Amino acid sequence: GPHAALLGLENRAEALLGSVFRMDEWMEENGSLSADEEFVGRIRHERDDALYALRLIRVQIRSAREALSVGGLGG
């Protein structure tokens, strides 16, 4: 139900955050040394996509929590 959906969203957000963290680490270690600017550009693009998805999921998490708290007050 709603709790399972919220847990799924939270797990997805955690996975995305981990991906962004790993991409940031990689770019710090390799981004300036890499001769392959196209590859670095793809990593940056993937990171931007992940951040956008994370923002959307955070909105969904907020809405799911509000729905649970409203539902909890009414029951």
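Note that the structure is predicted; figures quoted are calculated from it, not measured. Just the heavy atoms: all of them, side chains too, but no hydrogens, waters or symmetry mates, feed the values below. In this chain, numbering begins with 1 at the start of the sequence shown.
Atom CD1 of Ile43 and atom CG of Asp24 lie 11.0 Å apart (nearest 0.5 Å). Note that the CG atom of Asp48 and the CE atom of Met23 stand 9.0 Å from one another [nearest 0.5 Å]. In this structure, CD in Glu14 is found 13.0 Å from CG in Leu9, a value given to the nearest 0.5 Å. Rounded to the nearest 0.5 angstrom, Asn11 CG and Leu6 CG are separated by 9.5 Å. The distance from the CD atom of Glu25 to the CG atom of Asn30 is 10.5 Å, given to the nearest 0.5 Å. The OG atom of Ser19 lies 11.5 Å from the CZ atom of Arg47; values are rounded to the nearest 0.5 Å.
Nearest heavy atom pair, residue Ala13 against residue Leu54, reads O-CD1, 3.5 Å.
Aromatic ring centres of Trp26 and Phe21: separated by at least 6.0 Å.
In this structure, Arg62 and Val59 have side chains that are in contact, with non-hydrogen atoms separated by less than 4.5 Å. Using a 4.5 Å heavy-atom threshold, the side chains of Tyr52 and Leu16 count as separate. Two residues are said to be in side-chain contact when any heavy atoms from C-beta on lie closer than 4.5 Å; Leu68 and Arg65 fail this criterion.
A salt bridge is defined here as a Lys NZ or Arg NE, NH1 or NH2 lying under 4.0 Å from an Asp or Glu carboxylate O, and Arg42 with Glu37 fails to meet this definition.
No continuous path of ILVMFWY side-chain contacts below 4.5 Å connects Leu56 to Ile61, so the two sit in separate hydrophobic clusters.
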